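Note sheet for the following structure.
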Amino acid sequence: MNLTLKIWRQASPEATGAMKTYEISGVSADMSFLEMLDVLNEQLNAQGEEPVAFDHDCREGICGSCSLMINGQPHGPEVTTTCQLHMRSFKDGDTITVEPWRADPFPVLKDLVVDRSAFDRIIQAGGYISANTGSAPEANSVPAPRDKAMRAFNVATCIGCGACVASCPNGSASLFVGAKITHLGELPQGQPERWSRAVGMVAQADAEGFGGCTNIGECTSACPKGIPLDVISQLNKDLRTAIKQGL
């Protein structure tokens with residue numbers, strides 16, 4: 001395939017960025033989107049130009065690093081991670097626009113790389129169980145109802161990629177926060193800190209500058225792991241309970 005790429009280039013957080021157009025040829029339909037960017041960077045290196053900076057790590061759809069806005073959609077036209085998006089989703093001659101996440105709490109570091117440490121600080125504010133459990137306990141040592149265990153397992157698949165924020169008109173992180181609160185709130189080990197966890201994580205999300213949720217649903221539509229919208233309801237329930245308890 002022959003493609004035209006319009007890519008956001010920004011040398012540093014302080015620099016003024018702009019879209020730059022590149023032509024690339026010989027793209028295989030079996031390449032992943034990141035492999036296509038690798039080919040582009042090899043081409044730029046050969047021409048003596050600065051390669052495009054973009055985040056990646058596992059390239060297996062697990063880590064959430066490969067966060068790109070492709071043609072105005074988080075991770076592109078398929079509901080998957082960018083590393084698992086293949087070029088067969090595009091046609092020969094297509095023009096593809098590639099941008100970083102657009103949200104104030106995710107400042108651009110360089111080109112397509114953004115700083116998502118705001119998510120780390122939200123986790124540090126309560127997304128953990130602080131009891132000293134020693135080594136990993138045997139899985140069945142703490143009984144849990146199957147429905148709760150399965151729900152915790154399903155929402156724990158959130159990889160913190162930030163697609164929910166990038167897709168939300170409000171720039172809300174409620175789906176991410178709700179997934180983490182629901183995951184721990186469904187398990188017996190998460191009960192002692194359940195209410196303080198909700199207060200701490202929501203307060204940190206607000207302090208980071210993420211917007212509020214208005215139940216538009218774009219977040220769950222863009223989520224590559226299919227986190228359901230009801231985790232936001234759980235977040236709000238836990239927060240209301242915490243407020244009633246004076247936390």
Side-chain angles (χ1 to χ4, degrees), residues 1 3-13 15-24 27 31-41 44 50-59 61-91 94-119 158-176 179 208-211 213-214 216-227:
M1 291 189 292
L3 301 168
T4 299
L5 304 176
K6 293 184 177 181
I7 299 179
W8 182 261
R9 303 303 307 266
Q10 184 172 335
S12 68
T16 299
M19 302 298 292
K20 189 167 182 180
T21 302
Y22 302 96
E23 302 293 334
I24 185 171
V27 175
M31 285 181 178
S32 73
F33 199 88
L34 296 189
E35 287 171 336
M36 181 274 294
L37 290 179
D38 289 338
V39 171
L40 172 66
N41 279 343
L44 293 177
E50 180 78 13
V52 177
F54 60 93
D55 262 335
H56 63 93
D57 190 3
C58 72
R59 298 202 178 197
I62 298 172
C63 70
S65 297
C66 56
S67 302
L68 300 178
M69 188 70 79
I70 302 169
N71 286 345
Q73 296 175 282
H75 296 301
E78 310 291 339
V79 184
T80 186
T81 53
T82 302
C83 63
Q84 297 298 297
L85 176 69
H86 289 84
M87 297 312 296
R88 54 180 168 267
S89 297
F90 303 93
K91 301 189 298 294
D94 274 357
T95 296
I96 304 174
T97 302
V98 190
E99 302 171 89
W101 284 167
R102 298 295 190 185
D104 285 345
F106 293 156
V108 175
L109 297 178
K110 183 176 182 180
D111 295 340
L112 304 175
V113 180
V114 300
D115 180 0
R116 289 178 298 168
S117 57
F119 270 9
C158 169
I159 55 178
C161 67
C164 51
V165 176
S167 63
C168 178
N170 304 327
S172 174
S174 294
L175 194 74
F176 168 77
E208 297 291 345
F210 292 104
C213 174
T214 51
I216 294 172
E218 290 291 331
C219 55
T220 192
S221 297
C223 177
K225 297 302 177 181
I227 304 299

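It should be emphasised that the depicted structure is a prediction, and the values quoted were computed from it without experimental measurement.
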For [X] and [Y], which heavy atoms make the closest approach, and how far apart are they?
X	Y	result
L44	E50	CD1-O, 3.7 Å
I227	C158	CD1-N, 3.8 Å
W8	M19	CE3-SD, 3.5 Å
H75	L85	O-CD2, 3.4 Å

Do the non-hydrogen side-chain atoms of [X] and [Y] ever get within less than 4.5 Å of each other?
X	Y	answer
F90	T95	no
P13	P107	no
L5	T21	no
K6	V98	no
I7	Y22	yes
I70	T97	no

Quiz item: Listed by chain and number, what are the side chain to side chain contact (heavy atoms under 4.5 Å, CB included) partners of V79, not counting sequence neighbours?
Solution: none
Practice problem: Using only heavy-atom distances, determine whether the side chains of D115 and S117 contain a donor-acceptor pair under 3.5 Å. | Solution: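 Short answer, yes.
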Quiz item: Ring centres of F119 and F210 under 6.0 Å apart?
Solution: yes
Quiz item: So does K110 pair up with D55, basic N to acidic O under 4.0 Å?
Solution: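 Salt bridge absent between K110 and D55.
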Quiz item: K20 and D111: salt bridge (charged side-chain N to carboxylate O under 4.0 Å, His left out), yes or no, with the steps?
Solution: CA-CA 11 Å; K20 189 167 182 180; D111 295 340; over 6 Å; no
Quiz item: What pairs with H86 under ring-ring contact (aromatic ring centres under 6.0 Å, His included), at least two apart in sequence or on another chain?
Solution: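 By the ring-ring contact (aromatic ring centres under 6.0 Å, His included) rule, H86 matches no residue at all.
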Self-check item: side chain to side chain contact (heavy atoms under 4.5 Å, CB included) partner of I24, the single match among L37, L40, T4
Solution: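 So, applying the side chain to side chain contact (heavy atoms under 4.5 Å, CB included) to I24 and each of L37, L40, T4, only L40 qualifies.
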Check: residues 62-69 side-chain donor-acceptor pairs under 3.5 Å, at least two apart:
{"unit_1": "S67", "atom_1": "OG", "unit_2": "G64", "atom_2": "O", "d": "3.0"}
{"unit_1": "S67", "atom_1": "OG", "unit_2": "R116", "atom_2": "NH1", "d": "2.9"}
{"unit_1": "S67", "atom_1": "OG", "unit_2": "C161", "atom_2": "O", "d": "2.9"}

